[in-house]
Student: 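One structure coming up, written as structure tokens, with questions to follow.
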Amino acid sequence: TPGYGDSPPVEMVVTAEGRRTFLDRVLQELGMQRPVLVSPSMSGRFALPFLLAHGDRLAGFVPIAPVGTKDYTAEQYRGVQTPTLILYGDRDTGLAPQALKNLQHVPEHRVAVLPGAGHACYLDKPEDFHQALLGFLHQLK
């Protein structure tokens with residue numbers, strides 16, 4: 001994620017609008033047509049503004065205990081029509097409950113909880129993670 005970890009600081013990602021625009025440009029450069037956006041942890045700062053502005057351009061959304069869910073209202077989430085799989089590990093007692101509380105307002109959502117997995121549930125339980133993700137992908141039109 002630009003601006004996090006060892007990546008160099010990027011001026012445009014300072015605001016939610018800038019992060020939305022950045023992700024929009026990345027998807028355009030890659031020539032992505034209705035992708036499924038998978039958003040773990042810090043990437044929520046990019047994915048959530050994009051979802052709320054351009055959710056109709058996504059085939060699906062898979063938030064994995066993303067940050068920033070509390071920055072938006074239940075009403076904003078209710079306006080999202082993107083099929084959503086809220087996925088998290090049951091040992092993630094920090095971000096996961098907060099993300100679930102906020103994202104459950106997305107009308108077309110389902111929830112997958114990975115037993116015995118923490119915040120990085122895709123690393124803790126990769127087979128369970130992929131099974132849940134593939135099950136969701138197969139149900140998309």
Student: Taking all heavy atoms of Leu85 and all of Ala112, pick out the closest pair and write down the distance.
Tutor: CD1-CB, 3.8 Å
Student: With rounding to the nearest 0.5 angstrom, report the NE2 to CG distance, His138 to Leu133.
Tutor: 9.0 Å
Student: Report the C-alpha separation of Val26 and Phe22 in whole Å, then their side-chain angles, then the decisive distance to 0.1 Å, and conclude whether the side chain to side chain contact (heavy atoms under 4.5 Å, CB included) test is met.
Tutor: CA-CA 6 Å; Val26 168; Phe22 177 84; 3.8 Å; yes
Student: Go through the steps for Asp71 and Leu48 under the test side chain to side chain contact (heavy atoms under 4.5 Å, CB included), then give the verdict.
Tutor: CA-CA 9 Å; Asp71 296 345; Leu48 293 169; over 6 Å; no
Student: Between Ala96 and Gly89, what is the shortest heavy-atom contact and its length?
Tutor: CB-O, 4.4 Å
Student: Go through the steps for Tyr88 and Val111 under the test side chain to side chain contact (heavy atoms under 4.5 Å, CB included), then give the verdict.
Tutor: CA-CA 8 Å; Tyr88 63 94; Val111 178; 3.8 Å; yes
Student: Any donor and acceptor pair, going by atom type alone, linking the side chain of Gln139 with main-chain N or O of Phe136 inside 3.5 Å?
Tutor: no
Student: Out of curiosity, Gln98 CD to Thr93 OG1, how far, rounded to the nearest 0.5 Å?
Tutor: 12.0 Å
Student: As an exercise, state the distance from CG of Leu103 to OG of Ser39, rounded to the nearest 0.5 Å.
Tutor: 9.0 Å
Student: Check whether Thr84 reaches the backbone of Thr82 with its side chain - one donor and one acceptor, N or O, closer than 3.5 Å.
Tutor: yes
Student: Can you measure from CG (Leu23) to CE (Met32) and round to the nearest 0.5 angstrom?
Tutor: 10.0 Å
Student: Which pairs would a plain distance check flag for residues 53-70, meaning a side-chain donor or acceptor within less than 3.5 Å of a matching protein atom at least two apart in sequence or in another chain?
Tutor:
residue, atom, partner, partner atom, Å
His54, ND1, Arg57, NH1, 3.3
His54, NE2, Arg20, NH1, 3.0
Arg57, NH2, Asp24, OD1, 2.3
Thr69, OG1, Asn102, ND2, 3.0

Student: Side-chain atoms of residues 114-121: list all donor-acceptor pairs with protein atoms under 3.5 Å, sequence neighbours left out, distances to 0.1 Å.
Tutor:
residue, atom, partner, partner atom, Å
His119, ND1, Asp92, OD2, 2.6
His119, NE2, Ser41, OG, 2.9

Student: Could you pull out all residues at least two apart from Glu127 that satisfy side chain to side chain contact (heavy atoms under 4.5 Å, CB included)?
Tutor: none
Student: Is Gln104 atom CD crowded by more than 12 heavy atoms from other residues, nucleotides or ligands, each under 6.0 Å away?
Tutor: yes
Student: Just wondering, are more than 12 heavy atoms of other shown residues or ligands nearer than 6.0 Å to CD in Gln28?
Tutor: yes
Student: Please report the interatomic distance CZ(Phe129) to CG(Leu134), rounded to the nearest 0.5 Å.
Tutor: 9.0 Å
Student: Might you work through the side chain to side chain contact (heavy atoms under 4.5 Å, CB included) test for Thr21 and Phe50, ending with a clear yes or no?
Tutor: CA-CA 8 Å; Thr21 301; Phe50 187 88; over 6 Å; no
Student: If the threshold is 4.0 Å, N to carboxylate O, is there a salt bridge linking Asp124 and Arg91?
Tutor: no
Student: Of all the heavy-atom pairs spanning Pro49 and Gly44, show the shortest one and how long it is.
Tutor: CD-O, 3.7 Å
